[in-house]
Amino acid sequence: MTKHSPVACLSKAALFTDLPIDLKKKLVAVSTHQQKFPKGSIIRQPDDGKDGKEVVLGIPQKGDIEGQQHLFKQSENENFVEAVEDTWVCSINRADFQKLLQKTPDLSLKLLNNFGKKLVAIEHNSVLRNTLDAKERILAYLNDLANEQGKNEVKLELKKKDLASYLGITPETFSRKLKELEKDGKIEVHGRWINVKR
DNA sequence: CCATTAATAGGCG
DNA sequence: CGCCTATTAATGG
């Protein structure tokens with residue numbers, strides 16, 4: 001493992017990737033790095049206690065960024081964030097961040113442009129979720145995955161029940177639709193590996 | 001091994 | 001399609 005570099009860390013955030021080095025250094029000044037959260041620990045949870053059903057809203061991968069909205073919006077935490085594996089977290093304080101924005105219009109402008117790109121991606125996912133039925137959603141998801149990785153053999157990194165939750169369906173339906181898709185000759189399922197026929 | 005959790009199956013609304 | 005229950009498979013200690 002290489003040493004943790006705050007600048008490199010910030011660079012991984014989609015929001016900050018394209019920023020020039022001097023702006024990144026300013027961000028480093030208002031951020032904390034490498035807080036460890038062991039597997040199973042709760043990174044963040046709603047202040048109002050009582051939880052409903054567990055729903056997977058997203059699956060941040062290594063180097064992914066979660067909760068960027070808190071940099072911009074003053075609000076109570078609405079969601080749980082749990083460490084599924086041992087995780088290292090780097091964070092930025094909202095108030096400090098906002099002050100920095102006011103002092104640095106260059107930064108504000110860059111971030112705004114990046115947000116535009118993000119909106120396009122969000123729209124894509126939103127369409128997937130709201131207009132397609134479960135079967136199509138699964139297939140669309142698998143296709144996206146195959147496209148991202150540029151191959152037809154795709155590995156499900158998550159437990160199927162978590163994937164199901166992510167796609168907004170129950171594990172039972174997920175399991176059944178996988179079989180249907182297999183019968184349709186659209187995919188081949190081998191445990192966690194799925195061959196997406198395109 | 002045993003105990004717990006995940007995946008699948010079948011029934012029903 | 002979701003929810004419920006039962007059965008089987010996989011996982012971890």
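Computed from a predicted structure; not experimentally measured. In what follows, chains are A, B, ... by sequence order, proteins preceding strands, each numbered from 1.
- The residue among A:R176 and A:R192 whose nearest nucleotide of DNA chain B is located toward the 5' end is A:R192.
- A salt bridge is defined here as a Lys NZ or Arg NE, NH1 or NH2 lying under 4.0 Å from an Asp or Glu carboxylate O, and A:D133 with A:K177 fails to meet this definition.
- Put simply, CG on A:L163 is 13 Å from C1' on B:dA6, counting in whole angstrom units.
- Residues A:W193 and A:L156 have side chains not in contact (no heavy-atom distance under 4.5 Å, counting atoms from C-beta outward).
- Look at NE2 on A:H190: it is 18 Å from P on C:dA9, rounded to the nearest Å.
- For C:dC3, its base never sits under 3.5 Å from the side chain of A:E172 at any donor and acceptor pair.
- B:dA6 atom P lies 17 Å from atom CD of A:E157, rounded to whole Å.
- Rounded to an integer number of Å, the gap from A:I169 CD1 to C:dC3 P is 12 Å.
- In this structure, A:L156 places its CG atom 10 Å from P of B:dT8, rounding to the nearest Å.
- Under the 3.5 Å distance criterion, with hydrogens and angles disregarded, no donor-acceptor pair is assigned to the side chains of A:R198 and A:N143.
- Phosphate contact (OP1/OP2 of C:dC3, side-chain N/O of A:T170, threshold under 4.0 Å): absent.
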For this session: I would like to know whether A:L109 and A:D106 meet side-chain contact (heavy atoms from CB on, under 4.5 Å); could you show each step before the answer?
Result: CA-CA 5 Å; A:L109 193 56; A:D106 272 7; 5.8 Å; no

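- Atom pair A:F174:CZ and B:dA7:C1' shows a separation of 11 Å (rounding to whole Å applied).
- In this entry the distance linking NZ of A:K135 with C1' of C:dG2 reads 18 Å, nearest Å.
- Nucleic acid contact class of A:G168 (heavy atoms, under 4.0 Å, all strands): sugar-phosphate only.
- Applying the 4.0 Å criterion to OP1 and OP2 of C:dG2, one finds that A:T173 has a side-chain N or O inside that range.
- Rounding to whole angstrom units, NZ of residue A:K177 and P of B:dT8 are separated by 15 Å.
- Using a 4.0 Å cut-off, no side-chain N or O of A:K160 falls inside it from OP1 or OP2 of B:dA7.
- Not one side-chain nitrogen or oxygen of A:K159 sits closer than 4.0 Å to the OP1 or OP2 atom of C:dT11.
- Side-chain atoms of A:E182 come within 3.5 Å of backbone atoms of A:V189 as a donor-acceptor pair (strictly under, hydrogens ignored).
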